[in-house]
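Remarks on the structure that follows.
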Amino acid sequence: MRYSEMFLPTIREIPSDAEVISHQLMIRAGMIRKLTSGIYSYLPLGYRVIQKLEQIIREEMNKAGAQEVHLPMVQPVELWQESGRWVHYGKELLRFHDRHDHEYCLGPTHEEVITSLVRNDIKTYRQLPRNLYQIQTKFRDEVRPRFGVMRCREFGMKDAYSFDVDEEAAEKSYEKMFEAYNNIFRRCGLKFRPVEADSGSIGGKYSHEFMVMADSGEDAMVFCEKCSYAANLEKAEVACPEKKIIFEDDWLPLEEINTPNARSIEEVSVFLKVSPQDIVKTLIFNADGKPYAVLIRGDHEVNEIKVKNYIGASDLELASDEMIQKVTGSPRGFAGPVNINIPVLVDYSVIDMVNFVTGANKEDYHFLNVNIGRDFKVEAFTDLRIVTAGDSCPRCAQSVKIARGIEVGHVFKLGTKYSKSMRAFYLDKDGQEKIMIMGCYGIGIGRTVAAGIEQNYDDQGIIWPMPLAPYHVIITPVNVNEKTVMDAAENLYDALMKTGIEAIFDDRDERAGVKFKDADLIGIPIRVTIGPKNLSQGNIELKIRKTGESILCKIEGVVETLQSMIASELKTDTP
RNA sequence: CGGGAUGUGGCCCAGCUUGGUAGGGCACUGCGUUCGGGACGCAGGAGUCGCGCGUUCAAAUCGCGCCAUCCCGACCA
C-alpha cells in the first residue's frame with residue numbers, strides 16, 4: 001500500500017495516559033485509539049496484525065480438528081439462569097433490557113450459548129467428539145481496565161469448546177488443544193511457556209495457562225530449569241518437607257512477654273531481637289463466615305487460593321477486626337494458636353520449628369517458646385504458602401525460579417459443570433443417557449498482540465516478528481523528487497505486489513529522517529532504502545529492523561532475496 | 001469500593017500560588033528554501049480552559065458539588 005493513501009496516524013510523543021510499553025507503542029504506531037475506558041478501536045495497521053494472528057490461530061485450530069462457528073454476543077437471561085451464573089458472575093457481566101423489558105447480557109464468555117447449541121443438535125455418541133471455536137468480541141465489565149488492550153473491557157477472544165463422551169476422550173481433546181496452542185504461539189515467534197494453573201471452583205485436576213515471558217507481565221510463574229515443572233505462582237506447590245525428629249527435651253517453657261505496640265512481624269522481630277524465621281505468623285481468615293487460623297513462618301506469605309481450596313470455601317477473606325476480636329479476644333496483631341477455639345491450619349514451613357514466637361491472643365503480648373503438640377492442637381499440616389525463588393521444585397527438588405509473564409491463553413477442563421446444569425446429554429451405545437464432558441480453551445487476541453510488543457521493541461519502536469508483522473517490507477525512497485529514485489521505487493513496489501510480498505511504499509514527500517523514524521516505530525521487519533548514491537551503482541540497501549544490520553545489494557534479484565528472507569522468518573515447521 | 005494524580009485547539013504541556021482580553025511546541029493549510037535519521041522561514045486556520053453552581057465589577061485561576069481519565073490496592077470464569 002502507498003503510505004500517502006494510508007490511514008496511519010503516528011504520534012511522536014508518548015500519550016499521557018499510557019503507562020506500559022505496548023500501550024504506548026500501539027497508540028504511537030497508529031494501531032489503536034481509545035474510545036473510552038477499556039474500549040479501543042483498531043486502526044488499519046493494528047487490525048492487520050490482529051488478522052495475522054487470527055489466521056495462524058484458524059490454521060492451527062482447523063488442523064487440530066476444531067470447526068469455526070460464530071455465536072451471538074447478546075445473550076438472554078434464561079441461559080445464564082440455567083447455568084447459575086446470572087447470580088454468580090457478578091458485576092463483570094454487563095446486563096441490560098431490550099424494548100420489551102427482557103433481560104440480556106453481553107457475553108463475557110460463551111459456555112452457555114455453546115452448550116445450548118450442542119445439546120439441541122448432538123444426541124448420540126456417534127456425533128462425538130466435537131470441538132467448536134469462534135473468534136469473537138467479549139465484554140467483561142472489568143473493575144479497573146488498564147494497560148491498554150492488555151486488560152480491557154471489550155476484547156477479541158478465540159474461544160473453543162470440546163464435547164466428549166467420557167473423561168478419557170476429554171483428556172485427548174485437551175491434549176490436542178494443548179499442542180495446538182504450543183504451535184500457535186511458537187508460530188507467532190513469541191517466547192512463552194505453558195504453566196499449570198489453578199482450576200478454581202470448577203474443579204478438574206488442572207488447567208494450563210500459556211504465558212508470554214515479559215517483565216511487565218501481570219502474572220508471576222514458577223519454573224524449574226531441571227525438570228519441566230512450571231506453574232502459575234498462585235498454583236505452584238511447595239513439597240512437604242521431610243519431617244525432622246523433634247526432641248521434646250529441647251522444648252523450653254512457654255513464656256508470655258509484653259510487646260507493646262508490636263503487631264507486625266517486623267515490629268515483633270525488632271522488639272524481641274529475633275529473626276522473622278523464628279516467628280510464626282497467625283492469620284485469621286473468614287471462610288464463608290467461619291473463622292480459621294492459618295499458621296505460617298514469619299518470612300513467608302500465605303497463598304489465599306491454597307487456603308480457599310483446602311477448606312473448600314466459596315468465599316475467603318482476611319477476617320475483619322470484629323471477627324478477630326471475637327475469636328482471639330484481642331485486637332489485630334496479637335493472634336496466636338495457643339488457647340484458640342477455631343481450626344488451626346499449619347503450613348509446612350512451621351512443621352520443623354521449635355520454641356517459636358506467636359501472638360498471645362492478648363493485646364500487647366506474645367508468647368515465646370511455643371511448640372506444636374504441647375501448646376496447641378493442629379487441624380492439618382498442609383501447603384498454604386506462596387512459593388519463593390529458591391524453594392525446591394515439587395517434582396525434582398532442584399531450586400525453582402520465578403519469572404513474570406502475560407497470560408495469553410488458557411486451556412481448561414470443564415468436566416460436567418455446564419453440561420450437567422444445562423442438560424447436555426447424549427445416548428451411548430447401550431442407549432443410556434450420559435452427560436457430555438466439556439473442555440474450554442481461550443486465547444486473548446489483542447492481549448497476544450500486546451504481549452508480542454512487550455517482547456519485541458526498542459527505543460525506536462516496535463520490532464515485529466515476521467509472522468505478526470502488518471507488512472513484511474517498507475520501501476523508502478529517500479527523495480520523492482528525484483525521478484530515478486522514484487522510478488526504481490515504483491518498479492520495486494510493482495514487483496513486490498506481483499510476488500505477493502506485503503509492502504508499504506513510503507511515497508510521501510517527507511524528509512528521509514521522518515520516514516526512517518516512522519518505519520522503525522511501526523516495526524516493519526525489512527526496510528528497503530533507495531537513495532541516489534547507491535542507486536547510481538545499481539545498489540539498494542536492506543535494513544533489518546531486528547538486528548539493525550544494513551545489507552547493500554544489487555537491485556536485480558532483490559525480489560528473490562526478499563522472498564527468501566521472509567520465507568525463512570515465516571517457517572512454520574516445528575523443531 | 002479504598003488511596004493518589006490529572007482534566008487548557010487533534011497530540012504533549014505552560015499559565016492557576018498573587019483573579020483583569022488564553023499561550024508555546026508538535027500536527028494541520030498556503031508560499032518559498034531544504035532533502036539519507038523526526039529541517040527552516042513567512043503567512044494562516046483551529047480552544048464553551050471537563051460539567052454545574054457559587055463568590056466577585058471581573059474566574060482557566062478562588063469555593064462547593066459532580067463527571068471523566070490514569071496509577072496503586074481490593075477484585076479477576
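Residue numbering restarts at 1 for every chain, and letters A, B, ... go by the order of the sequence lines. The basis for the numbers below is simple: all heavy atoms, side chains too, and nothing from hydrogens, waters or symmetry mates.
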Notebook entry, point to check: For the base of G25(B), is there a side-chain donor-acceptor partner from E13(A) under 3.5 Å away?
Noted result: yes
Next item on the list: Describe the nucleic acid contact of K91(A) in one word from base, sugar-phosphate, nothing, applying a heavy-atom distance below 4.0 Å.
Entry: nothing
Notebook entry, point to check: Using a cut-off of less than 4.0 Å, is there contact between a side-chain N or O of S37(A) and OP1 or OP2 of C70(B)?
Noted result: yes
Note to self: What's the gap between G63(B) and U18(B) when it is taken at their P atoms, as a whole Å value?
What the structure shows: 10 Å
Checklist line | Span that lies between the P atom of G25(B) and that of A14(B), in whole angstrom | finding: 16 Å
Notebook entry, point to check: Between atom CG in D509(A) and atom P in C31(B), what is the gap in whole Å?
Noted result: 12 Å
Notebook entry, point to check: Just how far, in rounded Å, is C1' of U69(B) from CD of E142(A)?
Noted result: 17 Å
Checklist line | Gap between atoms CZ and P, on R28(A) and A27(B) respectively (whole Å) | finding: 14 Å
Notebook entry, point to check: Would T476(A) and D506(A) count as having a side-chain donor-acceptor pair, cut-off 3.5 Å?
Noted result: no
Check: Touch check for R33(A), heavy atoms < 4.0 angstrom, all strands: base, sugar-phosphate only, or nothing?
Finding: nothing
Margin query: Need one value for D518(A): base, sugar-phosphate or nothing, where a base atom within 4.0 Å counts as base even if backbone is also close, heavy atoms only.
Written below: base
Margin query: Base, sugar-phosphate or nothing for E92(A)? Non-hydrogen atoms, less than 4.0 Å.
Written below: sugar-phosphate
Margin query: Can you work out whether L521(A) or P145(A) has the more 5'-proximal nearest nucleotide on RNA chain B?
Written below: L521(A)
Check: U17(B) and G36(B): how far apart are their P atoms, nearest whole angstrom?
Finding: 50 Å
Check: What stems involve RNA chain B, if each pair must be Watson-Crick or G-U and both of its distances must be under 3.5 Å, with 3 or more such pairs in a row?
Finding: B:1-7 with B:67-73, B:10-13 with B:23-26, B:28-33 with B:39-44, B:50-54 with B:62-66
Note to self: For C71(B) and R146(A) - does any side-chain N or O of the residue sit under 4.0 Å from the phosphate oxygens OP1/OP2?
What the structure shows: no
Notebook entry, point to check: With respect to the phosphate group of C26(B), does any side-chain polar atom (N or O) of R12(A) fall under 4.0 Å of OP1 or OP2?
Noted result: no
Margin query: Would you measure the distance from the C1' atom in G7(B) across to the matching atom in A60(B) and give it in whole Å?
Written below: 11 Å
Next item on the list: Measure from CD on E541(A) to C1' on G36(B) and round the result to the nearest Å.
Entry: 8 Å
Check: In Å, rounded to the nearest 0.5 Å, how long is the span from CD1 of I522(A) to CZ of R545(A)?
Finding: 10.0 Å
Note to self: Regarding A77(B), can its base be found pairing with the side chain of R140(A) as donor and acceptor, where the two atoms are less than 3.5 Å apart?
What the structure shows: yes
Next item on the list: With R95(A) as the cation and W80(A) as the aromatic partner, state whether NZ or CZ is under 6.0 Å from the six-membered ring centre and within 45° of the axis.
Entry: no
Checklist line | Under-4.0 Å side-chain N/O to phosphate OP1/OP2 contact, K543(A) with G37(B) | finding: no
Check: Is the base of C76(B) touched by the side chain of R151(A) through a donor-acceptor pair closer than 3.5 angstrom?
Finding: yes
Notebook entry, point to check: Would H23(A) and Y40(A) count as a close aromatic pair, with their ring centres under 6.0 Å?
Noted result: yes
Note to self: Using only modelled atom types and a 3.5 angstrom limit, is any donor from either the side chain of N479(A) or the base of G36(B) paired with an acceptor on the other?
What the structure shows: no
Notebook entry, point to check: At under 4.0 Å between heavy atoms, what does Q460(A) touch on the DNA or RNA strands: base, sugar-phosphate, or nothing?
Noted result: base
Next item on the list: Could you give the distance separating U69(B) and G37(B) at their C1' atoms, to the nearest angstrom?
Entry: 35 Å
Checklist line | Side chain of R144(A) - closest among G36(B), C71(B), G37(B) | finding: C71(B)
Item checked: Y418(A): which of R85(A), E111(A), E112(A) passes side-chain hydrogen bond (donor to acceptor under 3.5 Å, both in side chains) -> R85(A)
Margin query: Please report the distance, rounded to the nearest Å, between CG in D520(A) and C1' in G37(B).
Written below: 8 Å
Using atom types as modelled, flag every donor-acceptor pair under 3.5 Å from a side chain in residues 536-543 of chain A to any protein atom, sequence neighbours excluded.
from    : atom 1 : to      : atom 2 : distance (Å)
S536(A) : OG     : K533(A) : O      : 2.6
N539(A) : OD1    : K554(A) : NZ     : 3.4
E541(A) : OE2    : S550(A) : OG     : 2.7

Notebook entry, point to check: Rounding to the closest angstrom, what is the interatomic distance between G65(B) and A74(B) at atom P?
Noted result: 29 Å
Item checked: side-chain N/O T36(A) vs U69(B) OP1/OP2, d < 4.0 Å -> yes
Check: If each of G513(A) and H23(A) is mapped to the nucleotide of RNA chain B with the nearest heavy atom, which maps nearer the 5' terminus, i.e. the 5' end?
Finding: G513(A)
Check: Quantified in whole Å, what is the C1' atom distance between nucleotide A27(B) and nucleotide G20(B)?
Finding: 32 Å
Margin query: Would you say the rings of F178(A) and H208(A) are close, in the sense that their centroids are separated by under 6.0 Å?
Written below: yes
Check: Taking the same atom, C1', in G15(B) and in G30(B), what whole-Å distance lies between them?
Finding: 31 Å
Check: Can you find a heavy atom in the side chain of M221(A) that is under 4.5 Å from one in the side chain of N232(A)?
Finding: no
Margin query: Tell me if a side-chain donor or acceptor on K281(A) pairs with a main-chain N or O of H300(A) at a distance below 3.5 Å.
Written below: yes
Check: Whole-Å distance between U69(B) P and F147(A) CZ?
Finding: 17 Å
Checklist line | N481(A) CG - G32(B) C1' separation (whole Å) | finding: 14 Å
Notebook entry, point to check: How about Y292(A) and F285(A): are their ring centroids closer than 6.0 Å?
Noted result: no
Check: Please give, in whole Å, the distance from G73(B) C1' to L318(A) CG?
Finding: 14 Å
Notebook entry, point to check: Hey, is the side chain of S16(A) poking within less than 4.0 Å of OP1 or OP2 on C13(B), counting only N and O atoms?
Noted result: yes
